[in-house]
Every structure is written in structure tokens, then in C-alpha cells.
There are 2 protein chains.
Amino acid sequence: MKTLQPLTPINKTLLDDFAACFKPVKKNYSRGEVIMRLDDDNKSVGILISGTAHLITTTFDGTKTIIDYFEQGSIFGRRFSPGTQTDPYTVIAKNRCTVWLVDYLKVITPCEKRCDKHIRLIDTMLLTMAQRAQLHVEVLGKRTIRGKLLSYFYYLSKARSARTFTLPLSLSDLADYISADRSAMMRELKKLNEEKILISHACKITILKIIPL
Amino acid sequence: MKTLQPLTPINKTLLDDFAACFKPVKKNYSRGEVIMRLDDDNKSVGILISGTAHLITTTFDGTKTIIDYFEQGSIFGRRFSPGTQTDPYTVIAKNRCTVWLVDYLKVITPCEKRCDKHIRLIDTMLLTMAQRAQLHVEVLGKRTIRGKLLSYFYYLSKARSARTFTLPLSLSDLADYISADRSAMMRELKKLNEEKILISHACKITILKIIPL
DNA sequence: AAAAGTCTGTTGCATTTGCAACAAAAACGT
DNA sequence: ACGTTTTTGTTGCAAATGCAACAGACTTTT
């Protein structure tokens, strides 16, 4: 699957500011490698410079849930666990990727100059993280697979300002993201096609009709 | 339903710091009143001093989802919408409550003295909000009603350090929080009782056995 | 170029869930 | 203290979902 424009793009200026303020450590990872374990002690923040990565958690029976996915420009890290945490949260590289890592404390502690840039950066970072969690709750909050798919698709369509778009996740991974059985999801996707609400071929989606959820 | 200790307690010192740093406006609301609309322009942060409130969203067909619930000490506000946002998010008083309101910008902008307290405050606030979103994703991420119930109950049990506890939501509201049909949830609750995994009478729950989800 | 692995797409069947509707208990307001 | 509203608890039935299993397409690795 090809890499796409980030959903919440971090522009170049912001990246430059980030580098200037925080002096990040740059690292590379290849497919399957663990980029970060999000346990309680983790005090790192990362920006994905290239490649894609997933934040996943796996239960004892092997059921995987994709909590979040990261593309070029995504900020991640310190996904504070609510404290239950039996299952580990890990950020795993989906393919070769480059990451900038910084200490979380550096981020929330204002730098010497108390510069505006810094404050805007914190704001952007938190906004991004909060928005993504919010989106996920909104999607997962739908009671049916159809509702989950449509609310996610409508979001993507709006975010990219296009009726046609390519998913940032494989259909397999999408099922894990919306927390549904893959075959059940495929069936629902088929129905949506038959009812001419959308057209889909693998990860390519075209919205034909917007219906209330 | 009686008010309980907050899940993520904000201690008195923190509240004092908050008051000192931000000079909040104090307001009172009675049951059903809208405390805050969480649209994109909203730039307020609130702390619930007494009473309970829910953050809800309602779809066109009347399906209500409880996104979050607030008790004494809960911090809420600026729940950045992901941008789809067809349905409004509102914080509604569940009963008579007192709220402190401050401007979000004041919170993220470091104060004159760049005091440590301020930074810890920001950290605590964000931690709290992030944890709650994370918990919700963790609960909603379970594929079955049983899984949702148990992961939530285990969390509460751990948070309160007790096998027996009272839910912070009515069963009706709990169904909306875990995004399930109430009757289906009641059925599942009954089964959990029959299988002696827990004992429940209305909002009073006792965990008997911890099983893998 | 072949082999291994992943991803898409599909189906039958058992189970879970949602929907609609109702009754009793509890909480609330005046 | 009374009537009103909310909440808990239940059921039958239809619809949605999960599970298991399989085949072909596509990618990546060797």
C-alpha cells in the first residue's frame, strides 16, 4: 500500500521548529520492529518522518486491536495507560521508517526563551493526539459495523476533501481498527456497494451517497 | 446514585494551584442544563467542583452516546473534534453542579514565573484527559459486550482497589458509554452473574473471578 | 523464478446483539 | 404524599456479527 498524505499534516516549518527546540534523536526501523513500548514509564515522544507504523495491543487470545496508525508527520508517544493495562501497547513499524525521538519533559517544559513557537508546538501536538483519540472513540462508538465504516469513511473523505480516497490502512488492519471481525466487515462493505452507497475496490473508496448514521 | 470518589482524583493542593494560576470563573448548573458545547471554537476548560455531568453526542435517530462522564475533580473541555462532527458534543449536568471555568489559552501559556506548579498542572490535566480517552478506546475496542463490561469493571476495581464497587454511571448510561443496547447488556450482565464471574445488583458490582478477555 | 507470506474476497453456520415492548421498582419534583 | 419520570429487569424475535475455513491475488524475500 502506498504512503499517503498525513491526515493531520505537520508542515515543514513546524518540523524545523521541532528540531530547533528539542534536538531530537533520529532512528531507523524496519518492518516488524518495535519502535516504542508505551508502558507507564515511557517518557518519549516521537515524530514519524517517513514510513508507517501502528500502535497495537494484543490480548491473550491473539485478538489484535489497532489503537492508532501513524504516517509521515504523525506525532506519537506517551499514550498514558488508564492503569488497567494487562496487555502491552507497542508502536510497531509497518515498513521501513525514520523516527525522531525526544524526551516528553523537554516538550512540556517551556524552553529558555518561552518562545511562541514552542507553545504553538505543544498545542499542535496535543491537538493532534486528542483529535485522533476522539476520532477513534467516535468510530468505535457506533453500534454497527456499517456505522463504524461510514463514520470513518466520511471523516477521511472530509479530511482529504475528496469523494474518492485510499485508506491509510489495509482492509485487514481496518477491521482491527474498527474492532470488528474482518469477514463481517467485508460482508458489510459488499452490502454498501450493492446499495450504491459507495464503491470500493480493496483500499480505494468512492463515496456515492452520504446517509445519516 | 450517590457521588463517588473521582477516578482520577485532583487533590486539594492541585485545585488551589489551579485557582491561583488561572483565576477561574465559578458557575452553577442544575440537572439537564448545558454546561459547555464542545464545538471547534470552544476555548474553555472546566473543572467540576461538585455534582456529576456527562459529555454526550446524539445522532439523528436519537441514539445517544456517552463519550465521557465527570465527577468531582474531573477536568474537561476542548475535546477537539476530529473534523467530521455532524453531531454536536455537549457537556450536560446530570444533577446540580458547580464548575470552574478558565480559558484554554491561559492554561497552555506558561505564566509569568514559569512556575513548576504550572507545568505539573498542565501535565496532570493532559494526563487525565488522555487517560480517560485511552480507557474509553480500550473498553470500546473489545469486540463483545462481555469484553466491554469486564474490561471496564476490572478497571474500576483496580482504580478503587476493591472487588466491590459502585458504578459511576447508571446501567442505562453505562450501556450508552460502552455503546451497546441496554437490554443486550442486561442479558450479558445476567449471564455473568449466572456464571459466577461477578455479582451485580443495579450499580453495585462485586468481581468474583478475573478471566482473560 | 520460486517460495513464503500477506491481503482480499467469500461462504455456511452458530452465537450475539439490537429492537420493540412491557412491568415493576426506585428516584424525583411539587 | 402524590403523581411523574427515570431506572432496572425481562422476553421473543429478527438481524447482525463472529468464527472457521478456503481460494486466489498480490508482495516480498530468498
Side-chain angles (χ1 to χ4, degrees), chain A residues 1-3 30-32 51-52 54 59 61-66 92-96 140-150 166-195 199-205 213, chain B residues 1-3 30-32 51-52 54 59 61-66 92-96 140-150 166-195 199-205 213:
Chain A
M1 201 186 343
K2 70 172 182 213
T3 304
S30 46
R31 182 184 169 85
T52 55
H54 290 173
T59 47
D61 66 340
T63 309
K64 186 177 81 173
T65 305
I66 294 183
I92 294 190
K94 258 304 224 188
N95 46 41
R96 188 166 300 281
L140 290 175
K142 297 292 180 296
R143 277 167 179 64
T144 59
I145 292 183
R146 166 170 297 219
K148 289 175 180 181
L149 283 176
L150 288 180
T166 305
L167 296 173
L169 295 164
S170 68
L171 292 182
S172 242
D173 288 337
L174 178 60
D176 291 334
Y177 179 73
I178 68 171
S179 208
D181 180 74
R182 191 182 60 84
S183 70
M185 187 192 79
M186 294 300 286
R187 198 158 29 201
E188 197 57 48
L189 214 42
K190 199 177 169 188
K191 278 191 206 165
L192 288 167
N193 273 278
E194 283 164 4
E195 295 175 32
I199 301 172
S200 74
H201 293 102
C203 293
K204 181 151 240 159
I205 314 279
L213 315 179
Chain B
M1 201 182 347
K2 71 169 183 221
T3 305
S30 45
R31 182 184 168 85
T52 55
H54 290 172
T59 47
D61 66 340
T63 309
K64 184 177 82 174
T65 304
I66 295 183
I92 294 189
K94 257 304 222 189
N95 45 41
R96 188 165 300 281
L140 290 176
K142 297 291 179 295
R143 277 164 179 66
T144 59
I145 292 182
R146 166 171 296 219
K148 290 176 179 181
L149 283 176
L150 288 180
T166 305
L167 296 173
L169 296 164
S170 69
L171 292 181
S172 244
D173 288 338
L174 178 60
D176 291 334
Y177 180 71
I178 68 171
S179 209
D181 179 75
R182 191 182 62 84
S183 70
M185 187 192 79
M186 295 300 285
R187 198 158 27 202
E188 197 57 49
L189 214 42
K190 200 176 169 188
K191 277 190 205 165
L192 288 167
N193 275 277
E194 283 163 5
E195 295 175 33
I199 301 171
S200 75
H201 293 102
C203 292
K204 181 151 240 157
I205 313 279
L213 314 177

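Chain A is the first sequence line, chain B the second, and so forth, proteins listed ahead of strands; every chain is numbered from 1. Values below: every heavy atom of this structure, side chains too, minus hydrogens, waters and symmetry copies.
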Whole-Å gap separating C1' (D:dT17) and NZ (A:Lys142): 18 Å

Expressed in angstrom and rounded to an integer, what is the separation of B:Asn193 atom CG from D:dT10 atom C1'? 14 Å

Rounded to whole angstrom units, what separation is found between the CE atom of A:Met185 and the P atom of D:dG18? 11 Å

Nearest-nucleotide wise, let me know which of B:Glu188 and A:Leu189 is further upstream toward the 5' end of DNA chain C. A:Leu189

Euclidean distance, atom NZ of residue B:Lys148 to atom C1' of D:dG18 [Å, nearest integer]: 14 Å

Heavy-atom nearest nucleotide on DNA chain D taken for B:Leu171 and for A:Thr144; more 5' hit belongs to B:Leu171

Check whether any side-chain heavy atom of A:Ile199 sits under 4.5 Å from a side-chain heavy atom of A:Asn193, and report yes or no. yes

Whether A:Arg143 and B:Asp176 form a salt bridge (side-chain N of Lys/Arg under 4.0 Å from carboxylate O of Asp/Glu) is what I want to check. yes

Contacts of A:Arg182 and B:Lys94 projected onto DNA chain D by closest heavy atom; the upstream (5') one is B:Lys94

Whichever of B:Lys191 and A:Ser183 has the more 5' nearest nucleotide on DNA chain C, that residue is A:Ser183

Considering only heavy side-chain atoms of A:Ala202, the closest of D:dT7, D:dT17, C:dG9 is C:dG9

So does A:Lys190 get a side-chain nitrogen or oxygen closer than 4.0 Å to the phosphate oxygens (OP1/OP2) of C:dT8? no

Heavy atoms under 4.0 Å, any strand shown: does A:Arg187 hit a base, just sugar-phosphate, or nothing? base

In the structure I gave you, are the side-chain heavy atoms of B:Lys64 and B:Asp173 within less than 4.5 Å of one another anywhere? yes

Applying side-chain contact (heavy atoms from CB on, under 4.5 Å) between A:Ser200 and each of A:Leu149, A:Leu167, A:Leu189, report the one that passes. A:Leu189

Expressed in angstrom and rounded to an integer, what is the separation of B:Ile145 atom CD1 from D:dG18 atom P? 11 Å

Separation of D:dA16 P from A:Ile178 CD1 (nearest whole Å): 15 Å

Which atom pair, heavy atoms only, marks the closest approach of B:Ile178 to B:Lys148? O-NZ, 3.0 Å

What's the CE-P distance between A:Met186 and C:dG12, to the nearest Å? 16 Å

Separation of D:dT6 C1' from B:Ile66 CD1 (nearest whole Å): 14 Å

I'd like to know if B:Arg31 reaches the base of C:dG29 with its side chain such that a donor and an acceptor end up less than 3.5 angstrom apart. no

